S.K.: 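Supplied in structure tokens, the structure appears directly below.
The shown structure was predicted, so the numbers you read here are calculated from the model rather than taken from an experiment. Quick note on labels: first sequence line is chain A, next is B, and so on, each numbered from 1.
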There are 2 protein chains.
Amino acid sequence: MSVEREISPRTIERLSLYRRLLLPHHEGEDSYIFSHDLAELAGVTATQVRRDFMQLGCMGVPRTGYRIGELLSGISGILDAPAGQRAALVGVGHLGAALLNHFSGRWRWLHIHAAFDRDPDKAGSVIHGCHCFPMSELSTLIRERKIDLGIITVPRDHAQEVANQLIEAGVQGLLNFAPIRLRHGDDIYVENVDLTSAFETVAYFARCRRPSLFISESHRGFPSLDDRKLRGDDVKS
Amino acid sequence: MSVEREISPRTIERLSLYRRLLLPHHEGEDSYIFSHDLAELAGVTATQVRRDFMQLGCMGVPRTGYRIGELLSGISGILDAPAGQRAALVGVGHLGAALLNHFSGRWRWLHIHAAFDRDPDKAGSVIHGCHCFPMSELSTLIRERKIDLGIITVPRDHAQEVANQLIEAGVQGLLNFAPIRLRHGDDIYVENVDLTSAFETVAYFARCRRPSLFISESHRGFPSLDDRKLRGDDVKS
DNA sequence: ATTCATTCGTGAAAGAAATAACGATTGAAA
DNA sequence: TTTCAATCGTTATTTCTTTCACGAATGAAT
Ligand SMILES: NC(=O)c1ccc[n+]([C@@H]2O[C@H](COP(=O)([O-])OP(=O)(O)OC[C@H]3O[C@@H](n4cnc5c(N)ncnc54)[C@H](O)[C@@H]3O)[C@@H](O)[C@H]2O)c1
Ligand SMILES: NC(=O)c1ccc[n+]([C@@H]2O[C@H](COP(=O)([O-])OP(=O)(O)OC[C@H]3O[C@@H](n4cnc5c(N)ncnc54)[C@H](O)[C@@H]3O)[C@@H](O)[C@H]2O)c1
């Protein structure tokens with residue numbers, strides 16, 4: 001069981017977004033939402049919302065919409081590992097500490113379980129509720145506590161070395177904030193969060209903004225709200 | 001002049017990455033690099049590197065490669081505004097402070113010029129070399145100092161309101177870290193950095209990792225290094 | 001009951017992006 | 001000088017993603 005068909009990364013990102021947007025609307029068993037209303041919140045088209053939910057096997061009802069509770073459990077069925085998942089963060093600097101503050105202990109099913117830093121002042125302390133350990137304990141702890149994700153927030157020149165240690169210890173996925181691309185085998189999934197690219201990309205497109213040349217808000221798949229009709233996308237004319 | 005043809009966001013992101021990776025290799029006027037060597041550093045195919053450079057008008061020479069200095073100025077010609085660009089960061093909390101530390105004053109042509117926070121303890125202080133101002137001065141300062149980018153690192157429920165203020169004051173691009181999608185007109189470019197989606201995406205694909213099912217490292221366009229032949233992508237057989 | 005505007009599901013079409021393929025070049029080795 | 005394998009530029013192809021289009025379903029209004 002677990003995962004039946006391959007779901008595209010873009011869809012997975014949107015499901016994560018949909019869940020966040022839906023949660024505040026989930027009031028009781030009988031709350032419903034229309035595809036175009038969620039589409040507006042998410043900055044995508046209603047068609048895309050419907051198509052994404054098709055993959056979940058969630059069916060809506062014309063003139064009623066989708067039952068929010070059903071959507072939420074459908075999404076959780078895809079995104080959340082039944083047994084939960086644990087991450088280790090390496091590099092408790094400015095960015096690492098911000099991430100610890102935000103993510104550690106936020107959800108039951110996915111959380112940052114331990115942090116590591118080579119700085120002896122940090123190792124041993126508790127940062128935002130998360131224990132920070134010395135690097136020497138990384139391998140043992142990751143194995144013992146069945147941590148399967150790594151978050152890399154060390155400086156550029158240490159990122160590959162840290163990635164190697166994490167992979168060696170058995171993690172299957174990496175979230176990399178260092179401004180390089182890591183070398184790794186096929187069996188590891190790496191998601192790069194490239195804040196420098198993001199910053200430079202905004203700068204470029206903001207500059208090139210003579211109206212009607214660049215349409216899309218973001219290539220991640222969230223077109224501008226104003227590009228679409230405000231309600232519904234396929235109304236008969 | 002400035003921008004001749006529309007360059008896709010994916011390509012812009014890669015150009016930003018290429019530049020970062022090339023800088024340490026730029027030693028003197030006669031340093032060259034082969035498309036497949038840069039491809040390996042960037043985690044993309046050599047074909048893609050060549051195609052990206054085609055758009056810059058940078059030509060390589062068979063058996064010699066691309067002149068690195070030429071690539072760097074070609075990329076800067078695209079990415080950097082001749083007059084420079086200034087950003088304002090709003091929300092000097094955990095994440096905002098980390099970004100200030102990292103970006104403020106890092107480059108000549110693109111930097112965080114001012115920060116804003118509604119907390120009176122923060123407004124007035126200097127954080128990582130960047131002045132923090134009260135919200136009341138946002139509009140004036142953005143206009144006076146010709147700031148054209150906004151970085152949003154306030155809590156979810158304040159993000160839209162802050163975006164409105166920034167747009168009202170005249171910024172053309174937003175880098176949004178809040179976990180929602182902002183409403184805005186066509187003339188504003190918004191790049192969403194969705195760390196929650198990134199985290200949940202890694203978790204999902206790490207879990208689904210029974211080898212040979214999921215191939216690509218990242219849908220952002222950086223396939224696994226091991227998917228490709230180690231040297232060259234189109235060697236004659 | 002009948003009508004009807006809305007909303008859904010989904011096959012087909014379009015669009016975007018990445019990869020493969022291959023002739024053309026070119027520096028170096030014989 | 002000739003040969004040759006490496007590398008380039010570019011077109012064609014493939015793959016992936018989004019949008020269009022429209023029949024079917026359905027709740028509400030009459
Ligand atoms: N802070 C940002 O906004 C930002 C933006 C873009 C990219 N990044 C990248 O994120 C990473 C972290 O940035 P930061 O600002 O938090 O840096 P930082 O210097 O504040 O923190 C780095 C931390 O890593 C620890 N460390 C260094 N080498 C280590 C090793 N080998 N093993 C374990 N721990 C080690 C240090 O002790 C420190 O605590 C860097 O790669 C940076 O390029 C950060
Ligand atoms: N820290 C992370 O790792 C992380 C991860 C994912 C998403 N985010 C998002 O990034 C944003 C910031 O996160 P954080 O952890 O830095 O939060 P934080 O609470 O540490 O900082 C928020 C800052 O914004 C200021 N602020 C609040 N309302 C404001 C307003 N109306 N105008 C101006 N300033 C205001 C506060 O004074 C505070 O300094 C949030 O939207 C959060 O959801 C953060």
Side-chain angles (χ1 to χ4, degrees), chain A residues 5-14 30 32-40 42-67 70-71 214-224 227-237, chain B residues 5-14 30 32-40 42-67 70-71 214-224 227-237:
Chain A
R5 215 178 313 114
E6 190 169 344
I7 296 185
S8 93
R10 299 297 257 290
T11 303
I12 293 293
E13 282 190 354
R14 281 193 299 268
D30 279 333
Y32 290 83
I33 193 165
F34 291 129
S35 59
H36 60 255
D37 287 333
L38 179 55
E40 181 158 344
V44 300
T45 63
T47 303
Q48 182 133 63
V49 168
R50 292 203 295 273
R51 183 159 290 265
D52 288 337
F53 289 158
M54 241 172 55
Q55 295 195 54
L56 295 187
C58 285
M59 304 254 111
V61 176
R63 306 217 47 146
T64 302
Y66 295 84
R67 170 174 250 123
E70 195 182 322
L71 292 177
F214 297 91
I215 307 298
S216 79
E217 156 189 329
S218 165
H219 51 289
R220 304 271 163 73
F222 304 111
S224 165
D227 291 337
R228 294 169 290 104
K229 310 187 193 79
L230 271 181
R231 298 202 90 233
D233 57 326
D234 42 3
V235 222
K236 299 251 171 69
S237 71
Chain B
R5 213 177 315 114
E6 190 169 344
I7 296 184
S8 93
R10 299 297 259 289
T11 304
I12 293 293
E13 281 190 354
R14 282 192 299 269
D30 279 334
Y32 290 82
I33 194 166
F34 291 128
S35 60
H36 60 256
D37 287 334
L38 180 54
E40 180 157 345
V44 300
T45 63
T47 304
Q48 182 131 62
V49 168
R50 292 203 296 272
R51 171 174 288 272
D52 288 336
F53 289 159
M54 241 173 54
Q55 294 195 56
L56 295 187
C58 284
M59 304 254 109
V61 176
R63 306 217 46 147
T64 301
Y66 296 84
R67 170 174 250 121
E70 195 182 321
L71 293 177
F214 298 90
I215 307 296
S216 80
E217 155 190 327
S218 166
H219 51 289
R220 302 272 164 72
F222 303 110
S224 165
D227 291 343
R228 295 170 288 103
K229 310 185 192 79
L230 270 181
R231 297 200 92 232
D233 55 328
D234 42 10
V235 220
K236 300 247 172 70
S237 68

S.K.: Between dT10(D) atom P and Gln55(B) atom CD, what is the distance in whole Å?
M.R.: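 Atom CD in Gln55(B) sits about 12 Å away from atom P in dT10(D).
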
S.K.: Can you tell which of dA17(C), dG9(D), dT17(D) lies closest to the side chain of Ser8(B)?
M.R.: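 That would be dA17(C).
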
S.K.: Does a side-chain N or O from Gln48(A) land closer than 4.0 Å to OP1 or OP2 of dT19(D), or not?
M.R.: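 Yes.
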
S.K.: Please identify each residue that fulfils side chain to side chain donor-acceptor pair (under 3.5 Å) with Ser8(B), with sequence neighbours left out.
M.R.: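 Testing Ser8(B) for side chain to side chain donor-acceptor pair (under 3.5 Å), a comparison that skips the adjacent residues, returns Thr11(B).
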
S.K.: Using five pairs at either end of the helix from dA1(C)-dT30(D) to dA30(C)-dT1(D), determine the angle between the two local helix axes and round it to 10 degrees.
M.R.: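 Helix axis angle between the two ends: 0°.
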
S.K.: Please tell me if Arg14(B) has a side-chain N or O lying less than 4.0 Å from either OP1 or OP2 of dA18(C).
M.R.: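 Yes, because at least one side-chain N or O of Arg14(B) sits under 4.0 Å from OP1 or OP2 of dA18(C).
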
S.K.: Phosphate oxygens OP1/OP2 of dT7(C): is one of them under 4.0 Å from a side-chain N or O of Ser35(A)?
M.R.: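 Ser35(A) to dT7(C) OP1/OP2: no side-chain N or O under 4.0 Å.
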
S.K.: If you restrict it to nitrogen or oxygen atoms, what contacts under 3.5 Å exist between nucleotides 25-28 of chain D and the protein, and what is each distance?
M.R.:
{"from": "dG27(D)", "atom 1": "N2", "to": "Arg63(A)", "atom 2": "NH1", "distance (Å)": "3.3"}

S.K.: Between Arg67(A) and Asp30(A), is a side chain to side chain contact (heavy atoms under 4.5 Å, CB included) present by the stated rule, with each step listed?
M.R.: CA-CA 7 Å; Arg67(A) 170 174 250 123; Asp30(A) 279 333; 2.8 Å; yes

S.K.: Ignoring backbone atoms, establish whether Tyr32(B) has a side-chain N or O less than 4.0 Å from OP1 or OP2 of dT26(C).
M.R.: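 For Tyr32(B), the contact criterion (side-chain N or O under 4.0 Å from OP1 or OP2 of dT26(C)) is not met.
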
S.K.: Taking NE2 from His36(B) and P from dT19(C), how many angstroms apart are they, rounded to a whole number?
M.R.: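 For the pair His36(B) NE2 and dT19(C) P, the rounded distance is 17 Å.
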
S.K.: Report the distance from atom CG of Asp52(B) to atom C1' of dT19(C), rounded to the nearest whole Å.
M.R.: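 In whole Å, dT19(C) C1' lies 13 Å from Asp52(B) CG.
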
S.K.: What heavy-atom pair brings Leu71(B) and Tyr66(B) nearest, and what distance separates the two atoms?
M.R.: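 Smallest interatomic distance, heavy atoms only, reads CD1-CB, 3.6 Å.
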
S.K.: Minimum heavy-atom separation for Arg50(B) to Ser35(B), with atom names?
M.R.: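 Of all heavy-atom pairs spanning Arg50(B) and Ser35(B), the closest is NH1-OG, 3.4 Å.
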
S.K.: Could you state the atom-to-atom distance from CE of Met59(A) to C1' of dG9(C) in whole Å?
M.R.: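 Between C1' of dG9(C) and CE of Met59(A): 7 Å.
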
S.K.: Rounded to whole angstroms, how far apart are CG on Asp37(B) and P on dT7(D)?
M.R.: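 Interatomic distance, CG of Asp37(B) to P of dT7(D): 8 Å.
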
S.K.: When you measure from the side chain of Arg50(B), which nucleotide among dT10(D), dA17(C), dT19(C) comes out closest?
M.R.: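 Ranking dT10(D), dA17(C), dT19(C) by closest atom to the Arg50(B) side chain puts dT10(D) first.
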
S.K.: Would you kindly give the CD-to-P distance between Glu13(A) and dT17(D), to the nearest whole Å?
M.R.: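 The distance from CD of Glu13(A) to P of dT17(D) comes to 11 Å, rounded to the nearest Å.
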
S.K.: With rounding to the nearest 0.5 Å, note down the distance linking OH in Tyr32(A) to CD in Glu70(A).
M.R.: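 Going from the OH atom of Tyr32(A) to the CD atom of Glu70(A) covers 8.5 Å.
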
S.K.: Determine which pairs satisfy salt bridge (Lys or Arg N to Asp or Glu O under 4.0 Å) with at least one residue from residues 51-65 of chain A, sequence neighbours left out, and list them in order.
M.R.: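 For residues 51-65 of chain A: Arg14(A)-Asp52(A).
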
S.K.: May I have the distance from Arg10(A) (atom CZ) to dT15(D) (atom C1'), rounded to whole angstrom?
M.R.: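 In whole Å, dT15(D) C1' and Arg10(A) CZ are 13 Å from each other.
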
S.K.: dT19(C) phosphate, OP1 or OP2: any side-chain N/O from Thr45(B) under 4.0 angstrom?
M.R.: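 Looking at the OP1 and OP2 atoms of dT19(C), one of them is under 4.0 Å from a side-chain N or O of Thr45(B).
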
S.K.: Report, one pair per line, the protein and nucleotides 11-14 of chain D atoms (nitrogen or oxygen only) whose separation is under 3.5 Å.
M.R.:
{"from": "dT11(D)", "atom 1": "O4", "to": "Arg51(B)", "atom 2": "NH2", "distance (Å)": "2.9"}
{"from": "dA12(D)", "atom 1": "N6", "to": "Arg51(B)", "atom 2": "NH2", "distance (Å)": "3.2"}

S.K.: If you round to the nearest 0.5 Å, how far is CD1 of Ile12(A) from CD of Gln55(A)?
M.R.: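 Rounded to the nearest 0.5 Å, the CD-CD1 separation comes out at 8.0 Å.
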
S.K.: Considering only heavy atoms from C-beta outward, does the side chain of Leu38(B) approach that of Phe53(B) to under 4.5 Å?
M.R.: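 Heavy-atom side-chain distance check passes, below 4.5 Å.
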
S.K.: Whole Å only: how far is the CZ atom of Phe53(B) from the P atom of dA18(C)?
M.R.: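 It is 15 Å, rounded to the nearest whole Å.
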
